[in-house]
Amino acid sequence: MPSAVYILNGPNLNALGRREPSIYGAMTLDAIRQACEEKAGALGLAADFRQTNHEGVLVDWVHEAAEGAAGIVINPGAYGHTSIALHDAIRAVAPLPVVEVHLSNIHAREAFRHVSMIAPAATGMICGLGPAGYTLALEAVAARLQG
Ligand code: DQA
C-alpha cells in the first residue's frame with residue numbers, strides 16, 4: 001500500500017466549476033481529485049482527497065493525518081484567512097509536510113485575502129496557479145519525503 005497524502009479542501013470548494021468561474025476556473029473538484037490521484041500514483045503515493053465546509057472537521061483531519069499520512073496538501077478556502085485553530089493544528093503535526101494551496105492569487109485580490117493563517121505554520125504555499133497548484137504541491141510533498 002503506498003503512503004497516502006491527505007488532500008484537504010475547505011468551504012465552498014465543493015461548488016468549483018460553477019462558483020465564480022472567472023476566478024476559480026471551470027474545473028470541478030471531482031476533476032481536481034482525479035488529477036491528484038493520477039499524480040500521486042505517478043509519484044508512488046496515494047491521494048486521500050476530501051472536502052468539508054466545516055472548520056472543526058478540517059482540524060480533525062489534520063490530526064488524523066499525523067497517524068500515518070505522508071503529508072498534507074490543503075486548500076483551506078476562506079478558513080485560510082481566519083483559522084487560528086487550523087494554524088495550531090498544523091503546528092501540532094510538525095514535522096509532517098503541509099503545503100497550502102489556493103487556486104487564485106490571493107495577493108492580487110481583496111485585502112482580506114492577503115493574509116494566510118496557514119502559511120506561517122506550513123512547509124510552503126502555492127497560490128495563483130489554478131488546479132496545477134494541487135499537483136505541484138504533491139510533487140513538493142514527494143520531494144520532501146525523499147529528503
Ligand atoms: C481560495 C481562496 C480563498 O480566498 C477563498 O475564500 C476560497 C478559495 C482559492 O482556492 O483560491 O474559497 O482558497
Side-chain angles (χ1 to χ4, degrees), residues 3-43 45-66 69-145:
S3 358
V5 178
Y6 277 24
I7 305 175
L8 306 180
N9 294 278
N12 302 306
L13 293 166
N14 52 309
L16 281 182
R18 60 194 146 84
R19 173 192 180 201
E20 298 188 90
S22 61
I23 296 173
Y24 299 116
M27 204 160 166
T28 62
L29 193 62
D30 198 50
I32 293 175
R33 178 186 57 73
Q34 284 175 38
C36 285
E37 286 172 356
E38 276 168 31
K39 173 57 87 173
L43 293 166
L45 296 165
D48 190 331
F49 195 96
R50 306 177 185 189
Q51 189 274 332
T52 178
N53 290 323
H54 303 278
E55 183 178 10
V57 174
L58 286 172
V59 170
D60 286 343
W61 286 346
V62 169
H63 286 291
E64 186 187 307
I72 299 174
V73 171
I74 181 166
N75 183 344
Y79 290 139
H81 311 301
T82 61
S83 180
I84 297 167
L86 264 180
H87 171 106
D88 287 347
I90 290 167
R91 287 177 68 102
V93 299
L96 194 68
V98 178
V99 182
E100 179 184 7
V101 171
H102 294 279
L103 295 157
S104 63
N105 181 351
I106 56 174
H107 301 291
R109 300 183 61 196
E110 304 97 319
F112 63 82
R113 295 185 205 274
H114 295 180
V115 171
S116 168
M117 290 290 165
I118 309 301
T123 311
M125 194 250 245
I126 297 170
C127 75
L129 303 181
Y134 284 78
T135 48
L136 290 167
L138 278 169
E139 284 182 21
V141 169
R144 275 268 154 166
L145 294 173

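Counting starts at 1 for both ligands and their atoms, following the listed order. Numbers here are sequence positions counted from 1.
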| request: Would you kindly say whether Asn53 and Gln51 are connected by a side-chain donor-acceptor distance under 3.5 Å? | output: yes
List, pair by pair, the atoms of ligand 1 and of the protein that are both N or O and lie under 3.5 Å apart, giving the separation rounded to 0.1 Å.
residue, atom, partner, partner atom, Å
ligand 1, 4 (O), His81, NE2, 2.6
ligand 1, 4 (O), Arg113, NH1, 2.9
ligand 1, 6 (O), Ala78, N, 3.2
ligand 1, 6 (O), Arg113, NH1, 3.1
ligand 1, 10 (O), Asn75, ND2, 2.9
ligand 1, 10 (O), Leu103, N, 2.8
ligand 1, 11 (O), Leu103, N, 3.2
ligand 1, 11 (O), Ser104, N, 2.8
ligand 1, 11 (O), Ser104, OG, 2.6
ligand 1, 12 (O), Arg19, NH1, 3.1
ligand 1, 12 (O), Arg19, NH2, 3.0
ligand 1, 13 (O), Asn75, OD1, 2.9
ligand 1, 13 (O), His102, ND1, 2.7

| message | Do Tyr134 and Ile7 have side chains that approach each other closer than 4.5 Å (heavy atoms only, starting at C-beta)? | response | yes
| task | Check whether any side-chain heavy atom of Ile84 sits under 4.5 Å from a side-chain heavy atom of Met117, and report yes or no. | result | yes
N/O donor-acceptor pairs under 3.5 Å from side chains in residues 135-143, not counting sequence neighbours:
residue, atom, partner, partner atom, Å
Thr135, OG1, Ala132, O, 3.1
Glu139, OE2, Lys39, NZ, 2.7

For residues 17-28, please give each side-chain donor-acceptor pair under 3.5 Å, one per line with the distance, not counting sequence neighbours.
residue, atom, partner, partner atom, Å
Tyr24, OH, Arg109, NH1, 3.0
Tyr24, OH, Arg109, NH2, 3.4
Thr28, OG1, Ala31, N, 3.1

| By ring pair (Phe, Tyr, Trp, His ring centres under 6.0 Å) - contacts of His87 (at least two apart) | none
